[in-house]
K.L.:
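Just dropping this structure here.
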Amino acid sequence: MRFEFVPVDYDYFDFEGRNYVKLIGRNGKGKKICVVDSYEPNFWVVLKNGFEDKASEVADKISKLETEKAGRKTTVLKTEILGKKFLGKKVKAIRVFVTNHKDAHDIASEIGDMEEIKSRREYDIPLITKYIKEKGVNPLSWHFVEGEVLDVGDYGGLAGALNIDVCVGATKIEPMKNKEGFEPKILAYDIETDSTEIGKGDILMISLYGEGLKKVLTWKKCKEKPEYVEFWGDEGSMIERFVELVNEYDPDVLTGYFSDGFDLPYLKAASHTNGVKLGLGVDGKGPVFARGRIPSGKISGIVHVDLYRFIDAVFSQYLQSETLSLNEVAGELVGERKEDFDFKRLANMKDNDWKDFFSYNLQDSVVTYKLARKIWPDVVEFSKIVREPLFDVTRDRMSAHVENYLIHNLDNYNEIVEKRPMYGESEERKARGKYEGAYVFEPTPGLYENLVMFDFTSMYASVIVTYNLSKTTLEENGNFSKDVGFFPTMLLDIIEKRKKHKKEFAKNPSGMLRARSNAYKLLANAAYGYQGFFGARYYCREAAAATARFAKENILNAIGIIKDADYKIIYGDTDSIAFLQGDKSKDEILKFLKKINDDLPGIMELDLEDFYVRGLFVSKRGSETGAKKKYALLDEKNKIKIRGFETVRRDWCKLTRNLQSEVLKKILEDGNEENALKLLKEVVRKLNNREVGLHDLMIRTQLRRPLGEYVAEGPHVLAAKKMVAQGVPVNPGMLIEYYIGEGSSKRIGDRVYLPEEKSKYDIKYYMNNQILPAVENIFDVFGVDVKSVADGKRQTSLGDFL
DNA sequence: TCCCTACCGTGATG
DNA sequence: GTACATCACGGTAGGGA
């Protein structure tokens with residue numbers, strides 16, 4: 001038979017000592033299909049220079065090797081001798097095919113350090129990655145599959161064990177040229193429990209939301225139940241019903257928010273205690289958790305996607321959200337906030353409380369579902385571009401994405417893939433210390449009018465391409481060769497693709513094109529960090545350091561040119577330069593920009609970022625020197641851009657942040673400090689009269705390590721300890737919220753109060769440590785001393801004397 | 001007890 | 001364990017007077 005097929009989930013299994021790949025996806029009619037494909041595991045042996053003529057001799061020796069492990073015998077099936085490239089150099093290499101991928105490492109070890117052999121490679125690449133790379137069966141792309149329907153007994157009963165209509169043994173899989181697009185069946189879920197510690201409490205309810213499915217399952221009764229609620233006798237039968245509903249819905253993707261770290265492990269623990277099966281997978285089995293910082297919950301035949309992880313690793317840089325809570329992220333991305341539920345009500349639930357809780361639980365799944373739909377184009381594009389399955393692509397960090405992109409594209413350069421660093425190697429790399437980074441211009445504090453901002457487009461990526469900076473182009477003398485390497489070449493390709501898709505998007509906007517252009521942009525931006533990352537296969541500290549160095553050289557040059565043209569430089573950071581427009585017209589500025597570009601090396605490109613009406617730069621606290629990375633700009637559309645100020649820092653209280661942002665706004669709009677001063681006075685008055693609500697005084701700081709590991713105990717650590725004492729579990733990553741109350745202790749941390757603790761806020765603290773420091777340097781630009789304003793003393797302003 | 005400073009820790013910029 | 005360096009700043013902790 002021959003049919004259209006899109007692979008969604010990849011897995012592999014052993015049969016009679018050999019590896020097979022199990023693809024699960026949909027056919028053209030939307031039916032879930034399992035396709036079994038063969039795979040010949042292999043790795044490479046690279047011969048030393050001068051030993052090329054020994055190739056067949058070495059290959060013969062290798063052919064006779066075999067290993068036995070866990071009752072599995074792996075032998076060398078065949079060898080091929082080929083001219084390849086390794087680290088950019090021509091080499092003679094032997095491709096060694098073995099019976100089982102898991103043993104490739106052992107066979108490679110047995111080959112050992114023969115004098116003819118330089119390196120053994122690609123045995124450390126995951127089987128699925130190798131399979132996709134070698135057979136070109138790309139995720140979420142349409143293929144024609146030819147093959148035979150499997151009998152129940154084939155491959156040790158594989159087909160019979162799977163809850164899938166059709167299992168096919170493939171004889172041929174080829175990409176379809178003209179078919180694009182695939183709408184997955186997504187199902188979102190969420191659980192509510194009475195303890196946040198996994199396995200400690202009960203699951204009170206489970207919600208599911210998808211197309212045509214809207215349910216809350218619970219064993220907690222209430223008289224008047226909403227139509228979407230189903231009551232079950234106990235936790236165990238509720239879980240069994242959940243499994244049943246998932247199986248009936250037959251999703252491609254089961255998604256939750258922080259479900260790797262909470263919902264799925266909780267369900268697993270609860271099903272265990274209740275003695276019921278959590279048979280979510282098409283194999284009837286429960287989720288399997290892979291170890292890691294956060295375990296990854298894998299379900300056979302259904303891609304379990306924890307949206308939080310993808311957002312955290314890839315998407316968060318686009319977000320304004322200060323935390324990655326479902327509430328905040330959904331609020332920003334789908335304009336829908338979760339319903340509120342006060343968990344303190346849990347202690348004493350009445351009928352109506354349960355109704356609210358059900359609704360809250362359902363809303364979590366609804367919001368998760370909408371969020372999944374919203375970022376789906378981005379997930380898909382990443383998966384297609386880096387050619388890794390959904391499961392991995394939604395969990396990998398940026399360095400892994402860059403690396404996977406490299407691995408899957410190295411065949412274009414006939415390159416054998418470099419190995420991962422060994423443990424000791426990573427340590428050595430880390431120990432090599434820091435190198436000099438970006439250049440930052442020290443601004444002179446002041447309020448400026450009519451500013452121009454230039455910036456280099458994708459500066460670090462452009463530098464890597466222009467100067468050919470990479471591991472394989474680094475010469476022994478420390479310079480980088482003129483012969484262009486695969487890393488810069490690939491990066492150039494990424495940059496060009498990004499440009500192309502950005503243009504296409506501008507012409508014909510679609511979620512897919514936006515996502516595609518974004519994905520390329522992210523990959524380009526991450527390429528620099530990748531080369532400096534200790535865990536990278538193509539780590540090259542020299543290349544990373546040179547990237548920063550050449551970038552610095554370029555921005556300094558550009559600053560020089562702009563200065564020489566008699567413009568006054570106001571600020572610059574890494575790849576951007578702000579200067580005064582002076583008496584020049586916008587046209588003249590643009591012509592000037594073009595002229596600068598004509599002389600830039602390689603693909604370096606300086607761009608107009610924007611024109612600004614006003615810009616404010618302040619001094620560092622307690623000093624005359626200008627503060628870097630702190631400024632506020634007003635553009636011609638009256639939009640304000642604030643960088644670095646307390647306003648944008650989440651560890652300052654709302655009162656401070658709101659006041660400061662309003663002060664900046666007023667000053668930028670008015671061009672003077674007069675009205676801004678009134679705002680300050682009003683806040684000072686309210687604070688002194690205790691008219692400020694505690695909610696505006698909460699300080700939020702993230703706990704970033706276990707409590708025991710702190711050398712210095714800051715207020716947030718002491719607040720966290722207080723929480724523990726009150727029986728609230730805390731863990732790294734949590735945002736600790738507290739306010740400062742009155743008290744005799746000098747140490748501020750001794751006066752922290754948790755939100756629900758009633759106390760009098762410390763007026764002095766909020767005045768001297770929050771409000772005044774945040775506006776002091778701003779008013780200082782106008783010669784106004786905020787301390788005396790706060791004291792209600794005379795207002796001194798330079799203006800008074802002029 | 002006050003004052004100074006080094007260091008710790010967080011969160012920002014690009 | 002999970003891209004890089006640069007920067008601002010509050011707060012603690014400890015020494016010296």
Side-chain angles (χ1 to χ4, degrees), chain A residues 291-294 309 312-314 317 322 395-403 420-421 423 426-427 429-430 433-442 455-456 458-461 464 522-536 538-541 543-545 547-549 551-552 555 571-576 609 618-623 625-631 641-652 656 699-705 709-718 735-736 740 745-752 765 768-770 773-774 776-777:
Chain A
R291 285 172 302 159
R293 196 168 50 93
I294 306 170
R309 296 190 68 175
D312 183 33
V314 173
Q317 45 192 305
E322 283 168 19
R395 286 168 178 81
D396 283 344
R397 314 290 300 190
M398 278 317 291
S399 64
H401 289 315
V402 172
E403 191 151 283
R420 279 204 197 106
Y423 182 72
S426 297
E427 295 303 298
R429 291 174 177 187
K430 274 192 251 181
K434 290 182 187 306
Y435 52 86
E436 198 181 319
Y439 170 77
V440 190
F441 184 95
E442 186 191 299
D455 65 0
F456 284 94
S458 305
M459 188 187 222
Y460 279 23
I464 292 170
L522 285 173
L523 281 178
N525 286 341
Y528 156 70
Y530 174 79
Q531 297 204 97
F533 169 46
F534 63 83
Y538 293 100
Y539 168 81
C540 183
R541 185 184 183 276
T547 308
R549 202 173 65 239
K552 189 168 173 177
I555 190 173
Y571 186 61
D573 184 350
T574 312
D575 60 356
S576 67
E609 201 262 336
V618 299
S619 61
K620 287 198 268 191
R621 195 100 74 227
S623 124
T625 49
K628 299 169 177 180
K629 298 185 187 288
K630 263 189 132 173
Y631 60 87
K641 187 164 160 178
I642 298 175
R643 293 289 120 98
F645 275 109
E646 284 74 8
T647 298
V648 299
R649 292 184 59 97
R650 68 174 181 192
D651 56 349
W652 285 72
T656 306
I699 297 166
R700 300 196 299 174
T701 313
Q702 191 182 24
L703 193 70
R704 308 224 300 181
R705 51 182 81 166
E709 283 179 24
Y710 282 97
V711 178
E713 297 192 311
H716 76 298
V717 178
L718 291 162
L735 263 197
I736 306 295
I740 306 301
S745 173
K746 213 184 70 178
R747 190 166 74 155
I748 288 155
D750 291 333
R751 293 186 274 124
V752 296
Y765 172 83
N768 297 327
N769 296 39
Q770 289 274 335
E776 192 176 6
N777 297 328

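Here is the naming used below: chain letters follow the sequence lines, and residue numbers restart at 1 for every chain.
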K.L.:
So, using ring-ring contact (aromatic ring centres under 6.0 Å, His included) as the criterion, who are the partners of A/Phe645 when residues are at least two apart?
P.N.:
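Counting only residues at least two positions away or on another chain, A/Phe645 forms no ring-ring contact (aromatic ring centres under 6.0 Å, His included).
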
K.L.:
How many whole angstroms separate atom CD of A/Glu403 from atom P of C/dG1?
P.N.:
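So the CD-P distance, A/Glu403 to C/dG1, works out to 17 Å.
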
K.L.:
Does a side-chain N-to-carboxylate-O contact under 4.0 Å join A/Glu709 and A/Arg704?
P.N.:
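Not counted as a salt bridge, because no side-chain N and carboxylate O are separated by less than 4.0 Å.
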
K.L.:
Reading DNA chain B in the 5' to 3' direction, which nucleotide is the first one with an atom under 4.0 Å from a heavy atom of chain A, and which is the last?
P.N.:
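First and last nucleotides in contact are B/dC8 to B/dG14.
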
K.L.:
Using a 4.0 Å heavy-atom cut-off, does A/Arg649 contact any base of the nucleic acid, only the sugar-phosphate backbone, or nothing at all?
P.N.:
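Base contact.
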
K.L.:
A/Phe645 near the nucleic acid: base, sugar-phosphate alone, or nothing, with a heavy-atom cut-off under 4.0 Å?
P.N.:
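Nothing, no heavy atom under 4.0 Å.
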
K.L.:
Looking at residues at least two apart in the chain, or sitting in another chain, which of them share a side-chain contact (heavy atoms from CB on, under 4.5 Å) with A/Glu442?
P.N.:
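Applying side-chain contact (heavy atoms from CB on, under 4.5 Å) to A/Glu442 gives A/Thr625, A/Lys628.
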
K.L.:
Without decimals, in angstroms, what is the distance between A/Glu646 CD and C/dA8 P?
P.N.:
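In whole Å, C/dA8 P and A/Glu646 CD are 12 Å from each other.
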
K.L.:
Would you classify A/Tyr631 as touching base, sugar-phosphate or nothing, given that sugar-phosphate means primed atoms plus P, OP1 and OP2, and contacts are heavy atoms under 4.0 Å?
P.N.:
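The answer is sugar-phosphate, as A/Tyr631 gets under 4.0 Å only of primed atoms, P, OP1 or OP2.
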
K.L.:
Kindly give the atom pairs (protein nitrogen or oxygen, nucleotide nitrogen or oxygen) under 3.5 Å for nucleotides 13-17 of chain C.
P.N.:
from	atom 1	to	atom 2	distance (Å)
C/dA13	OP2	A/Arg747	NH1	3.0

K.L.:
5'-most contact on DNA chain C: A/Asn777 or A/Ile748, nearest heavy atom basis?
P.N.:
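It is A/Asn777, whose closest nucleotide lies nearer the 5' terminus.
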
K.L.:
Is the phosphate of C/dT2, meaning OP1 or OP2, less than 4.0 Å from a side-chain N or O of A/Tyr539?
P.N.:
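For C/dT2, OP1/OP2 do not have a side-chain N/O of A/Tyr539 under 4.0 Å.
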
K.L.:
Regarding A/Tyr423, tell me which of base, sugar-phosphate or nothing describes its non-hydrogen contacts under 4.0 Å with the strands shown.
P.N.:
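Touches nothing.
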
K.L.:
Could you check whether A/Asn769 gets within reach of a base, just the sugar-phosphate, or nothing at all, counting any heavy atom under 4.0 Å?
P.N.:
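Sugar-phosphate contact only - A/Asn769 comes under 4.0 Å of backbone atoms but never of a base.
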
K.L.:
Is it true that A/Asp396 and A/Arg309 have a side-chain N and a carboxylate O under 4.0 angstrom from each other?
P.N.:
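The answer is no: the pair does not qualify as a salt bridge.
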
K.L.:
Can you check nucleotides 3-6 of chain C for protein contacts, nitrogen or oxygen pairs under 3.5 Å, and list what you find?
P.N.:
from	atom 1	to	atom 2	distance (Å)
C/dA3	OP2	A/Ser399	OG	3.0
C/dA5	O3'	A/Tyr435	O	3.3
C/dA5	O3'	A/Gly437	N	2.8
C/dT6	OP1	A/Gly437	N	2.9

K.L.:
Could you work out, with side-chain contact (heavy atoms from CB on, under 4.5 Å) as the rule, every residue matching A/Tyr539, not counting sequence neighbours?
P.N.:
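Listed in chain order: A/Arg429, A/Arg432, A/Ala536, A/Arg541.
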
K.L.:
Is it true that, when you exclude A/Gln317 itself, more than 12 heavy atoms of the residues, nucleotides or ligands shown sit nearer than 6.0 Å to its CD?
P.N.:
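Yes, the 6.0 Å shell around CD holds more than 12 heavy atoms from other groups.
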
